[in-house]
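First comes the structure, then the notes that go with it.
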Amino acid sequence: MEKKRIDDEELGPVPSPRALDRFGFVKQDVSASDSLVKNRSAYENERIREERRVRKWRKMIGVGGSDWKHYLRRKPHVVERRIRKGIPDCLRGLVWQLISGSRDLLLMNPGVYEQLVIYETSSSELDIIRDISRTFPSHVFFRQRHGPGQRSLYNVLKAYSVFDRNVGYVQGMGFLAGLLLLYMSEEDAFWLLVALLKGAVHAPMEGLYLAGLPLVQQYLSQFEQLVKEHLPKLGEHFSQEMINPSMYASQWFITVFSYSFPFHLALRIWDVFLSEGVKIVFKVGLSLLKYCHDDLIKLPFEKLLHALKNFPEDAMDPDTILPLAYSIKISKRLEELTQEYEKKNGKVVLSEELPEKHKFHENKGTEALL
């Protein structure tokens with residue numbers, strides 16, 4: 001069947017490079033670029049540190065990631081520490097594929113992505129087209145109507161909706177796919193999306209997007225309990241003001257902070273998320289509430305809800321909020337809360353199992369899908 005893509009149209013104007021930040025987003029305040037001149041010394045020191053980090057990472061992963069698994073087996077704690085400090089941006093796409101298991105999926109399934117895009121149709125195509133322009137609208141790659149970025153995003157989302165018709169397409173998936181496309185090709189982004197939703201390394205995410213969003217409900221319930229235990233006074237204040245996590249935290253889980261958080265912070269969170277799993281979402285959420293605790297506890301309902309959706313700039317600094325997140329220990333308690341939730345509400349039922357040769361094997365990558 002003929003390949004279905006968004007129709008080509010004349011592209012819109014491309015913003016001046018001087019109006020973009022270092023990640024490709026349109027700056028809110030162009031005059032902010034002047035700060036680079038004022039802080040040239042600090043910028044140069046940062047550049048030198050980054051080059052040193054890149055050299056360490058290249059040595060660690062090898063050419064094209066050839067040494068990654070060997071190094072990870074020998075020095076897992078070194079890998080964890082370096083990931084938590086932030087993956088160098090120029091290596092981020094490759095490392096994300098290595099730590100997520102998506103590189104193995106890609107190599108095992110040559111030609112599958114192309115087949116899904118070209119020869120298959122999806123009942124979600126119109127929904128995807130409708131939502132395309134809402135995904136990172138201020139980024140130069142996605143800014144052009146029907147431009148290369150929007151076409152790539154459409155192709156990845158359409159391919160996944162065909163790959164797993166039980167999940168299909170849900171709007172929040174666009175931010176995951178969009179983030180990945182900024183660091184890798186369409187095919188690489190597709191397989192990383194598969195690795196995440198089907199659980200190539202960590203617990204499957206697809207329950208976040210199934211009908212009724214069952215995994216979102218579970219995570220919000222667990223997060224509410226963790227707030228009560230780690231921040232009891234704030235938890236009590238939330239109860240008095242009738243504030244629950246569904247009012248402010250749903251997008252944290254559905255998009256892993258990529259929807260409304262500063263991009264530099266979202267990237268650092270994603271580094272750890274792909275390496276350590278969803279517990280970092282809980283930790284970052286708790287750390288934000290803890291950091292802003294004294295202000296939040298004074299606010300009435302409307303102002304409180306606004307504050308929970310608009311954290312102050314200093315709370316959005318990765319070097320401030322992430323060390324605080326790493327200090328919060330919740331792994332064991334999170335497992336207990338999962339068991340309690342499943343006992344009370346039943347285990348989240350994922351989409352129908354794939355045929356035997358499609359099954360994913362925990363911590364062992366996957367078998368070939370075709």
Side-chain angles (χ1 to χ4, degrees), residues 72-87 95-96 98-101 176 195-208 214-232 234-235 238 244-245 248-258 261 265-291 293 315 318-348 350 360-365:
L72 181 61
R73 283 194 297 268
R74 289 193 303 116
K75 299 182 178 180
H77 297 299
V78 173
V79 173
E80 179 185 276
R81 185 175 71 249
R82 289 182 178 175
I83 289 175
R84 287 186 169 192
K85 288 182 178 179
I87 300 169
V95 176
W96 280 4
L98 294 172
I99 61 182
S100 68
L176 272 65
L196 289 175
L197 269 64
K198 290 298 182 183
V201 175
H202 299 293
M205 288 180 60
E206 63 179 347
L208 295 173
L215 198 55
V216 178
Q217 305 306 320
Q218 176 183 318
Y219 286 163
L220 293 177
S221 174
Q222 292 172 311
F223 185 75
E224 184 173 35
Q225 184 60 34
L226 289 171
V227 171
K228 292 177 180 179
E229 295 175 4
H230 285 261
L231 304 165
L234 187 59
F238 282 171
N244 64 72
Y248 63 89
S250 297
Q251 290 292 348
W252 296 356
F253 293 100
I254 292 174
T255 69
V256 193
F257 293 109
S258 63
F261 273 46
L265 174 58
L267 290 174
R268 291 284 301 277
I269 295 172
W270 268 76
D271 291 343
V272 182
F273 167 67
L274 291 172
S275 175
E276 301 181 26
V278 73
K279 64 183 178 182
I280 188 60
V281 180
F282 288 92
K283 288 184 173 186
V284 170
L286 289 171
S287 66
L288 286 169
L289 298 183
K290 184 175 182 179
Y291 185 82
H293 179 280
D319 295 325
T320 297
I321 209 65
L322 290 181
L324 181 58
Y326 301 149
S327 70
I328 299 174
K329 308 302 180 184
I330 61 169
S331 296
K332 184 177 179 180
R333 183 59 179 141
L334 202 53
E335 291 179 6
E336 294 172 349
L337 290 173
T338 298
Q339 294 174 0
E340 292 174 10
Y341 185 90
E342 291 177 349
K343 184 176 180 180
K344 180 179 179 180
N345 301 280
K347 191 172 183 179
V348 173
L350 302 180
F360 287 74
H361 297 275
E362 186 178 357
N363 298 324
K364 297 180 181 179

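By the 4.5 Å heavy-atom criterion applied to side chains, F273 and V284 are not counted as neighbours. Contact annotation: the side chain of N345 never approaches that of Q218 to less than 4.5 Å [non-hydrogen atoms, C-beta and beyond]. Within the 4.5 Å cutoff, the side chain of I330 has heavy atoms near those of the H230 side chain. At a threshold of 4.5 Å between non-hydrogen side-chain atoms, the residues E276 and I83 do not count as touching. Side-chain contact between L72 and I99 is absent, with no heavy atoms from C-beta onward closer than 4.5 Å.
Taken from CG in L337 to CD in E342, the straight-line distance is 11.0 Å, to the nearest 0.5 Å. Annotation: the span from L334 atom CG to F282 atom CZ amounts to 5.0 Å, rounded to 0.5 Å. Annotation: the span from L322 atom CG to L265 atom CG amounts to 6.0 Å, rounded to 0.5 Å. Considering CD1 of I280 and OG of S287, their distance stands at 7.5 Å, rounded to 0.5 Å. Taking NZ of K85 as the start and CG of D271 as the end, the distance is 14.0 Å to the nearest 0.5 Å. Taking CG of L288 as the start and NE2 of H293 as the end, the distance is 14.0 Å to the nearest 0.5 Å.
Between Y248 and F223, the ring planes lie perpendicular to each other; the angle is over 60°, past the 30° to 60° tilted range. A tilted orientation is assigned to the rings of F253 and Y219, their planes being inclined by 30° to 60°.
Of all heavy-atom pairs spanning S100 and A200, the tightest one is O-CB, 3.8 Å. Of all heavy-atom pairs between G235 and V227, the closest is CA-CG1, 4.0 Å. Pairing each heavy atom of P204 with each of L197, the nearest pair is CB-O, 3.4 Å. The two residues V216 and I254 make their nearest non-hydrogen contact at CG2-CG1, 3.7 Å. Here the shortest heavy-atom pairing between V281 and W252 reads CG1-O, 3.8 Å. Of all the heavy atoms in H202 and S275, the pair that sits closest is NE2-O, 3.0 Å.
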- Stepwise side-chain contact (heavy atoms from CB on, under 4.5 Å) check, F238 with L231: CA-CA 11 Å; F238 282 171; L231 304 165; over 6 Å; no
- Yes or no on salt bridge (Lys or Arg N to Asp or Glu O under 4.0 Å) for R333 and E336, after CA distance, side-chain angles and deciding distance? CA-CA 5 Å; R333 183 59 179 141; E336 294 172 349; 3.2 Å; yes
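When L274, V278, V201 are each tested for a side chain to side chain contact (heavy atoms under 4.5 Å, CB included) with L196, only one passes: L274.
Side-chain N or O atoms of Y326 include one that pairs as donor or acceptor with a backbone N or O of R84 at under 3.5 Å.
Between the side chains of Q222 and T338, at least one donor-acceptor pair of N or O atoms lies under 3.5 Å.
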